[in-house]
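A quick note: this is a predicted structure, and the numbers were derived from the prediction, not measured. Just so it is clear: chains get the letters A, B, ... in the order the sequence lines come, proteins before strands, and each one is counted from 1.
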Amino acid sequence: MGAKDRRAPLDVAELVDFERGLVDRRIFTDPAIYQLELRNIFARVWNFVCHESQIPTPGRYFRNAIGNDSVIAVRDREGAVRVLLNTCPHRGNSVCRADEGVARSFFCSYHGWNFDLNGDLLGVPGYDDFYRGTLDKSQWGMASAAQVQSYNGFVFATLDSEAPPLEEFLGWVGRVGLDMLCARGEIEVVPGVQRNLIQCNWKLAVDNLFDWYHPKVSHASAVRLNVLPESTLYPNDQMVLLGDYGHAIGGPGLSSENQARLERQHDESAQTAGADGADGSRRHAHAWRLREDVRERMGPVGVRTRGHPNIFPNLWVASGGTQLCLRVPRGRGVTELQWYTFVEKDMTPAERREVIQHAIHFFGPAGLLEQDDGENWSHSTRGAAGTAAGTRPLNFAMGAGLDAVRADGDQASIDTVVNEHGQRWTYQAWADWLAAPDWPSLVANHTAPPTEVI
Amino acid sequence: MKALAAMTLDERVRLQFEVEQFLYREAELLDDREFERWLELLTDDVHYWMPVRRTTTAREADGAFTQPGEMAFFDDDRAMLETRVAKLRARNSWAEDPPSRTRHFVTNVQIKDVAEDEITVACAFRLSRTRLDSEEDSWVGRREDVLRLTPAGLRLARRHIFLEQTLLLAQNLSNLF
């Protein structure tokens with residue numbers, strides 16, 4: 001095939017071939033696709049904004065982004081969490097420039113319009129003298145996200161009033177993913193969200209989280225140091241959970257037989273000595289999963305997974321369930337990574353230190369694992385931009401058509417070897433989001449998770 | 001060592017010279033990728049720490065940096081620094097293969113305190129990293145180092161690195177500061 005691009009103009013329905021595992025490279029580079037993503041995904045989806053422990057008291061705020069909109073998550077005077085668009089309704093200037101802090105109100109540095117913590121317009125310089133009674137302050141407060149809801153402390157916001165409730169959007173797979181963090185106990189964010197930019201399309205960062213094929217190569221140097229057991233990085237038993245709207249969990253899992261054995265041992269001894277599993281180095285790693293309330297909450301399939309969840313579109317529950325990594329698009333070829341690290345409030349100082357040190361030393365920009373990922377993603381993004389190279393689809397076919405979906409009650413999993421089901425599922429869901437003109441259409445027409453063969 | 005205030009000008013000039021030469025030499029070893037020789041300049045109890053910086057209002061500027069025990073970009077002891085060097089040397093250490101070209105600029109060197117055998121030194125730095133087709137990253141900041149006088153000469157006992165960037169513009173921090 002020559003370099004000549006003989007394909008028709010972009011048709012969203014043609015960009016992802018789920019059965020064959022092929023993805024059109026233009027989805028990483030095309031400006032029109034990126035604009036469509038901002039509108040049809042980020043302005044519509046439930047976006048993670050912060051954890052409630054970051055804004056515990058009235059006035060505490062944390063600035064973040066929803067797609068290309070700057071937003072402020074703030075605890076208002078009544079104690080409710082608000083998510084306000086960080087733009088003055090008068091000239092559009094941002095009213096909050098700090099990353100986080102405590103505010104009594106939000107004051108615009110341009111003309112001095114001043115807004116209450118709930119976004120209400122409080123004061124306008126020259127209200128009487130210049131506007132002469134014609135400005136209706138009740139109409140000119142800061143805009144809010146259309147809906148704000150929390151799942152056990154994780155604050156999500158959507159800019160779309162038609163979005164279904166958060167828990168319905170998350171479905172069981174999204175809830176299980178977040179439960180990996182919050183079912184352990186009462187958790188809080190460790191101060192200091194690490195943020196850095198990678199010159200890649202956001203989706204190439206996201207699809208990597210399901211990728212248990214790359215550690216052996218990308219992270220070869222870290223593994224040679226013997227700082228992590230090989231079983232952690234190359235688990236043979238893989239388990240994939242696929243949910244509505246693109247949520248997925250991929251990575252190591254326990255067989256139902258091994259899970260049953262652990263639960264039996266636990267029930268018999270009523271001890272919480274560390275369970276085995278992919279990340280058995282910490283006492284805390286998996287013992288919590290044996291608690292009756294956790295088994296109930298996560299369900300028979302959910303409790304077996306040790307994999308990497310992605311809350312669609314861009315929230316990775318990372319590091320064995322002690323960190324969140326949010327991948328915020330900053331343009332079609334630039335992604336901001338944000339790392340949130342969580343500890344349980346009742347941890348001993350030593351346990352707390354262990355979680356924090358693990359996070360610093362393995363993940364984040366200086367992490368022994370993470371530092372080797374960025375250039376792969378940025379060069380994959382460049383690889384999609386070539387005139388000739390861009391015409392060749394990417395291959396996400398590993399395992400396609402080869403694995404069975406097994407149901408256990410109303411949960412289902414694919415128990416298999418290393419595969420690319422999570423990535424394929426994410427791109428299929430991505431195409432569904434782009435094709436749907438609105439939420440009702442997405443609810444009605446999105447691809448249902450496979451029930452037989454994937 | 002004498003307290004700083006008790007030193008004569010000649011003594012202070014001599015100490016300043018020795019401190020500066022140590023910092024330049026140490027920076028040169030990093031830029032020459034002589035990492036093992038760089039490790040030799042660290043004490044066994046070295047603490048190497050780069051907190052996370054946040055943009056705050058002027059009123060809350062005291063809270064810009066995370067505190068010890070909170071999140072950081074580096075919070076390393078000697079063993080961890082040795083691990084980082086071993087990673088730099090390992091085959092297929094992709095972040096640094098092909099290797100980055102780095103240049104450390106160390107300036108505004110001020111001896112802040114001398115107590116017993118330890119010298120607290122503040123400096124301004126710029127680390128410039130160039131990779132592949134001249135992709136450039138640059139980190140500017142302030143360092144607070146503690147140098148310890150040992151029988152073998154000066155050794156680095158503490159390095160606290162305070163970057164100016166809040167959102168880091170680089171894809172990673174695969175180099176040493």
Side-chain angles (χ1 to χ4, degrees), chain A residues 62-63 96-103 107 189-200 216-227 323 328 330 334-341 349 352-353 356-357 359-361 364-379, chain B residues 48-61 63-77 79-98 100 131-133 135 137 161 163 165-177:
Chain A
F62 180 75
R63 190 169 56 82
C96 176
R97 307 262 171 91
D99 295 329
E100 54 192 86
V102 186
F107 184 83
V189 173
V190 180
V193 175
Q194 298 173 325
R195 301 193 302 143
N196 76 304
L197 292 185
I198 296 185
Q199 304 297 313
C200 71
K216 217 165 204 161
V217 177
S218 293
H219 303 306
S221 62
V223 174
R224 288 209 180 88
L225 308 175
N226 292 320
V227 288
Q323 291 191 285
V328 180
R330 293 288 189 189
V334 187
T335 302
E336 176 183 329
L337 270 60
Q338 301 177 353
W339 287 93
Y340 302 75
T341 306
R352 187 184 171 97
R353 179 176 159 78
I356 294 170
Q357 291 275 305
I360 292 171
H361 293 154
L368 293 176
L369 294 176
E370 192 73 8
Q371 57 177 267
D372 287 312
D373 283 315
E375 209 155 80
N376 286 340
W377 307 340
S378 62
H379 281 247
Chain B
Y48 184 95
W49 181 62
M50 181 193 286
V52 174
R53 184 178 204 143
R54 296 151 297 196
T55 301
T56 64
T57 60
R59 185 170 51 82
E60 295 180 278
F65 289 102
T66 52
Q67 298 299 305
E70 299 180 339
M71 279 305 288
F73 289 113
F74 292 89
D75 190 354
D76 295 2
D77 57 12
M80 187 63 203
L81 290 167
E82 286 174 353
T83 300
R84 290 190 189 276
V85 168
K87 176 175 161 39
L88 286 163
R89 291 299 189 211
R91 197 154 48 86
N92 298 344
S93 193
W94 301 113
E96 290 295 319
D97 187 3
S100 300
R131 279 186 65 64
L132 309 182
D133 285 342
E135 293 163 22
D137 290 303
I161 307 148
L163 290 187
Q165 292 179 3
T166 47
L167 168 63
L168 303 190
L169 302 181
Q171 65 187 357
N172 62 24
L173 296 170
S174 58
N175 309 97
L176 292 161
F177 286 77

Open item on the list: Taking the side chain as everything from C-beta on, heavy atoms only, tell me whether A:Gln357 gets closer than 4.5 Å to B:Asp77.
Closed with: no
- [ ] Among the options A:Ala98, A:Pro191, A:Cys96, pick out the one with the most heavy-atom pairs lying under 4.5 Å from chain B.
- [x] A:Pro191
TODO: Name the region of A:Gln338, side chain, backbone, both or neither, that has any atom closer than 4.5 Å to a heavy atom of chain B.
DONE: neither
Open item on the list: Heavy-atom cut-off 4.5 Å, strictly under: side chain, backbone, both or neither for A:Arg224 against chain B?
Closed with: side chain
Task: Most chain A-contacting option - heavy-atom pairs closer than 4.5 Å, from B:Ala86, B:Ala170, B:Ala90 - done: B:Ala170
- [ ] Could you check if a side-chain atom of B:Asn92 sits within less than 4.5 angstrom of a side-chain atom of A:Val217, using non-hydrogen atoms only?
- [x] no
Open item on the list: Using a 4.5 angstrom heavy-atom cutoff, name the option from B:Met50, B:Arg91, B:Gln67, B:Arg59 with the most pairs to chain A.
Closed with: B:Arg91
Task: Pick from B:Leu169, B:Asp76, B:Thr55 with the largest number of heavy-atom pairs that fall under 4.5 Å of chain A - done: B:Thr55
Task: Under 4.5 Å from a heavy atom of chain B, the part of A:Val193 involved - done: backbone
TODO: Look only at the side chain of A:Asp99 and the backbone of B:Arg54, and say whether a donor-acceptor pair between them is shorter than 3.5 Å.
DONE: no
- [ ] For each of A:Asn196, A:Val189, A:Thr335, A:Val334, tally heavy-atom pairs with chain B at distances under 4.5 Å, and name the one with the top tally.
- [x] A:Asn196
Open item on the list: side chain to side chain donor-acceptor pair (under 3.5 Å), that's the test. Do A:Glu370 and B:Asn172 meet it? Break it down for me.
Closed with: CA-CA 8 Å; A:Glu370 192 73 8; B:Asn172 62 24; over 6 Å; no
Open item on the list: Working note: A:Ile356 + B:Glu70, criterion side chain to side chain contact (heavy atoms under 4.5 Å, CB included); need CA distance, chi angles, decisive distance, verdict.
Closed with: CA-CA 7 Å; A:Ile356 294 170; B:Glu70 299 180 339; over 6 Å; no
Task: From CA spacing to verdict: side chain to side chain contact (heavy atoms under 4.5 Å, CB included), A:Gln371, B:Leu173 - done: CA-CA 7 Å; A:Gln371 57 177 267; B:Leu173 296 170; over 6 Å; no
Task: Contacting region of B:Arg89 [heavy-atom separation from chain A under 4.5 Å] - done: neither
Open item on the list: Need one label for B:Glu135: side chain, backbone, both or neither, based on atoms under 4.5 Å from any heavy atom in chain A.
Closed with: side chain
Task: Sub-4.5 Å side-chain heavy-atom contact between A:Glu375 and B:Leu132 - done: yes
- [ ] Considering only heavy atoms and a distance below 4.5 Å, find which of A:Ile360, A:Val190, A:Asp373 pairs most often with chain B.
- [x] A:Ile360
Open item on the list: Pair A:Gln194, B:Thr66 - check side chain to side chain contact (heavy atoms under 4.5 Å, CB included), show working.
Closed with: CA-CA 11 Å; A:Gln194 298 173 325; B:Thr66 52; over 6 Å; no
Task: B:Ala72 versus chain A, the contacting section by heavy-atom distance below 4.5 Å - done: both
Open item on the list: Please rank A:Gly374, A:Gly192, A:Ala366 by heavy-atom pairs under 4.5 Å with chain B and give me the top one.
Closed with: A:Ala366
TODO: Between chain A and each of B:Val52, B:Leu167, B:Asn175, count heavy-atom pairs under 4.5 Å; write down the option with the most.
DONE: B:Leu167
Task: Per-residue contact mode, A:Ser378 against chain B (heavy atom under 4.5 angstrom) - done: side chain
Task: Side chain proximity check, B:Thr166 to A:Arg195, heavy atoms < 4.5 angstrom - done: yes
